[in-house]
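What you are looking at is a predicted structure, and each value in this text was computed from that prediction instead of being measured. Per chain, numbering begins at 1; letters A, B, ... match sequence-line order.
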Amino acid sequence: MCCLHAALPTRLSTTMRLSRSFLPTLKENPAEAQIVSHRLMLRAGLVRQTASGIYAWLPAGLKVLRNISQIVREEQDRVGAQEVLMPTLQSADLWKRSGRYDAYGPEMLRIQDRHKRELLYGPTNEEMITDLFGQAVKSYKDMPQVLYHIQWKFRDEMRPRFGVMRGREFLMKDAYSFDLDYASAVASYHRMMLAYLRTFQRLGVRAVPMRADTGPIGGELSHEFLILAPTGESGVFYDAALEDQDWLDTPVDVESPTALEAFYTRVTTPYAATDEMHDTTAWDAVPEDRRREGRGVEVGHIFHFGTKYTKAMDVSVIAADGSQIYPEMGSYGIGVSRLVGAIIEASHDENGIIWPASIAPFKAAILNLKVGDETCDALCERIYNENPEEFLYDDRSDRAGAKFADADLMGHPWQIVVGPRSAKEGRVELKRRATGERHDLSVEDALALVLAD
RNA sequence: CGGGCAGUAGCGCAGUCUGGUAGCGCAUCAGUCUGGGGGACUGGGGGUCGUGGGUUCGAAUCCCGCCUGCCCGACCA
């Protein structure tokens, strides 16, 4: 052991060196995985299944999950939502108050503790957040409120499949808005629409908002966000006018209901619908060259449902005139773990994953093509130390082919290829994963490009 | 939950029909040669054949039960 310690460098960042990392890639497709994202997630060492529909997240997968969560978090915060963290286990009493304990089917995982008290692993959090809100907020002066959390949920699906896209345990961002009246609730809804469009754009995917069925509650305030992917569960139809809009560069005053309304109109005017909501008459009115049709994976859902829970659970606030008001609620979900699969469905090729830079587990892989060669080793170490948190250094003594194949599979946006010939001149080959372009560059130029991405 | 298929080494599979004590490729370990797209050679390690019972002198193989996983459907973020 003493020899091992002596061999270690003084600065430890072992997890990013492939030779010492827990990033088990597979050359062959596991038989259990049928769809491309599931295969790639297993092969790239992002997850391992531990039970039907339940996955362990390995280091690279966890980094993706965290990167997605962080973008979601920043955009929620930006529209004034406040983060909380509610537990995974909930008391059945809470659900009995809303009447959903009996209404919810066998998808709810019910548990008993040692005192025979009934618990459940939360499939969603309307009851709990309504209760928490009601305990703390008593006056119109403390309204409105928007709370969210990012937490694991469980739905005991009859048939889990498609890897993390239809698992039983899944990570989700749930936000809940509480408003004094309908007009204010509409503004909350609009704000969330903006946050969602910005979020998905930052995640590097196109998620199109589509009118969704509001069910028995009625109204028009329900949209699903779908990522186009051939394995999607719904057929989608939309107007190409929704493509290539830059929501990050669209200034909207989130405090102004008028500005929000105008923005919302702009988003919802072009035709967009899933097959359940498809209106062929309206579709025919879309110019033919702008019709986009395909399949989509639902990765987000925003929904206004009014006073359903506040009334059922008798949670009210006192208005300025002394009357009691049941707050208007909305809920807003983003399937964080599902997004990992959905994004891979939408962004891969025959060699592996192509990560959008914003969520990639590593910005770049450094491929040392001749481990043991002094020049190569030194140059790789130098590059690696520029950003050890975001670079993955492939220092394994494998053949070049294996390193290229693994780097392509894992989908790093950039590959910094360090070979013995060019290393002598301080040059590397920089490969962009998305396009396959390669450029022979000085180390400085290559680093500048990668670090600016 | 209906219909179909499958569990044999870390992964992918053969062997099951016709019972005789388990094999191939990849991975892994040691070594040598290699070194820019999953390299070659030599030698080695690794398997309660999902599980419980039954039939048999003998079961991965035949019979029954159970468990687990995958696909299609219904359902679903």
Side-chain angles (χ1 to χ4, degrees), chain A residues 24-35 38-39 42-43 45 48-54 104-108 122-125 150-175 196 207 210 212-213 215 222-227 231-234 274 276 296-303 331-342 350-352 367-373 376 394 396-410 415-423 427-429 431 436 438 440:
Chain A
T25 57
L26 301 172
K27 198 157 147 186
E28 293 178 279
N29 283 321
E32 78 222 35
Q34 301 299 318
I35 65 164
H38 191 191
R39 288 178 171 177
L42 293 168
R43 287 192 51 208
R48 285 290 121 97
Q49 179 167 290
T50 61
S52 178
I54 302 177
Y104 221 101
E107 290 191 343
M108 180 188 277
T124 182
N125 288 70
I150 299 173
Q151 178 63 291
W152 292 94
K153 301 186 184 302
F154 193 92
R155 287 184 197 164
D156 198 358
E157 295 283 346
M158 243 180 294
R159 190 190 154 202
R161 62 182 129 172
F162 301 157
V164 300
M165 290 217 295
R166 180 84 184 278
R168 293 195 292 173
E169 190 184 45
F170 52 97
L171 186 63
M172 208 161 161
K173 186 281 299 181
D174 271 354
Y196 272 45
M210 310 211 169
D213 193 0
S222 177
H223 283 85
E224 296 175 347
F225 292 75
L226 291 103
I227 287 181
T231 43
E233 68 270 12
S234 315
T274 60
E276 304 95 46
V297 181
E298 185 183 344
V299 290
H301 198 162
I302 59 177
F303 194 71
S331 77
Y332 316 88
I334 290 180
V336 176
S337 51
R338 166 178 265 204
L339 263 165
V340 180
E350 64 279 7
N351 296 320
L367 308 189
N368 186 341
L369 295 194
K370 193 165 184 183
V371 172
D373 177 277
C376 283
D394 191 344
R396 299 173 301 176
S397 56
D398 264 313
R399 310 277 302 188
K403 299 192 179 195
F404 285 123
D406 266 348
D408 285 348
L409 174 63
M410 287 190 269
Q415 293 171 22
I416 303 170
V417 183
V418 179
R421 288 194 282 275
S422 48
R427 299 184 74 78
V428 297
E429 184 181 273
K431 175 180 166 182
R438 300 145 173 267
D440 181 62

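Residues H301(A) and S222(A) share a closest heavy-atom pair of NE2-OG, 3.0 Å. The shortest heavy-atom contact between L369(A) and G419(A) is CB-CA, 4.1 Å. Looking at every heavy atom in both residues, L367(A) comes nearest to F404(A) through CD1-CD2, 3.6 Å. The minimum heavy-atom distance linking V297(A) with A342(A) is given by the pair CG1-CB, 4.0 Å. The heavy-atom pair separating E298(A) from R338(A) by the smallest distance is O-NH1, 2.6 Å. Across all their heavy atoms, D174(A) and G333(A) have their closest contact at OD1-CA, 4.0 Å.
Here, rC66(B) and rG7(B) have their C1' atoms 14 Å apart, quoted to the whole Å. When the P atom is used for both rC24(B) and rC64(B), the distance is 33 Å, rounded to whole Å. If you take atom P in rC57(B) and the same atom in rG19(B), they sit 15 Å apart, rounded to whole Å. Between rU28(B) and rG10(B), the distance separating the two P atoms is 14 Å to the nearest Å. Using P as the reference atom, rC41(B) and rC26(B) are 9 Å apart when rounded to the nearest Å. Nucleotides rG44(B) and rC5(B) have their C1' atoms positioned 38 Å apart, rounded to a whole Å. rA59(B) and rG20(B) have their P atoms separated by 11 Å, given to the nearest Å. Nucleotides rG12(B) and rA27(B) have their P atoms positioned 15 Å apart, rounded to a whole Å.
Among the atoms of the strands shown, base atoms are found under 4.0 Å from some heavy atom of D408(A). Contacts of K431(A) with the nucleic acid, taken as non-hydrogen atoms under 4.0 Å apart, include base atoms. Residue G419(A) is in base contact, counting any heavy-atom pair closer than 4.0 Å across all strands shown. Base engagement by S422(A) is indicated by at least one non-hydrogen atom pair under 4.0 Å involving a base atom.
D398(A) pairs by the side chain to side chain donor-acceptor pair (under 3.5 Å) definition with nothing, not counting sequence neighbours. Under the rule for a side chain to side chain donor-acceptor pair (under 3.5 Å), the partners of N125(A) that lie at least two apart in sequence or sit in another chain are K153(A). Listed by chain and number, the residues in a side chain to side chain donor-acceptor pair (under 3.5 Å) with S337(A) amount to none (sequence neighbours excluded).
The partner of rU48(B) is absent, by the rule that a Watson-Crick or G-U pair needs both atom distances under 3.5 Å. Partner assigned to rC62(B) is rG54(B), using Watson-Crick or G-U wobble distances below 3.5 angstrom. Base-pair partner of rA22(B): not found among the strands shown (Watson-Crick or G-U wobble, both distances under 3.5 Å). Across all strands shown, rA6(B) forms a Watson-Crick or G-U wobble pair, both distances under 3.5 Å, with rU68(B). The pairing partner recorded for rC75(B) is none, the criterion being a Watson-Crick or G-U wobble arrangement whose two distances lie under 3.5 angstrom. Pairing of rC33(B), defined by two Watson-Crick or G-U wobble distances under 3.5 Å, is identified with rG39(B).
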Do nucleotides 68-77 of chain B as a string where each nucleotide becomes B, S or -: B if the base has a protein heavy atom under 4.0 Å, S if just the sugar-phosphate does, - if no protein is that close.
-SSBBBBBBB
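Side chain of Q34(A) to backbone of A31(A): a donor-acceptor contact under 3.5 angstrom is found. No donor-acceptor pair closer than 3.5 Å links the side chain of Y332(A) to the backbone N or O of K173(A).
Applying the 3.5 Å distance criterion, the base of rG25(B) shares a donor-acceptor pair with the side chain of E28(A).
R48(A) CZ: more than 12 foreign heavy atoms inside a 6.0 Å radius.
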Shorter than 3.5 Å, N or O on both sides, protein versus nucleotides 38-40 of chain B: list them out with atom names.
from, atom 1, to, atom 2, distance (Å)
rG38(B), O4', A402(A), N, 3.4
rG38(B), O2', K27(A), NZ, 2.7
rG38(B), N1, D406(A), OD1, 3.2
rG38(B), N2, D406(A), OD2, 3.4

Find every protein N or O atom lying less than 3.5 Å from an N or O atom of nucleotides 42-47 of chain B, and list the pairs.
none

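Electrostatic pairing of K431(A) and D408(A) counts as a salt bridge here, judged by a charged N lying under 4.0 Å from a carboxylate O.
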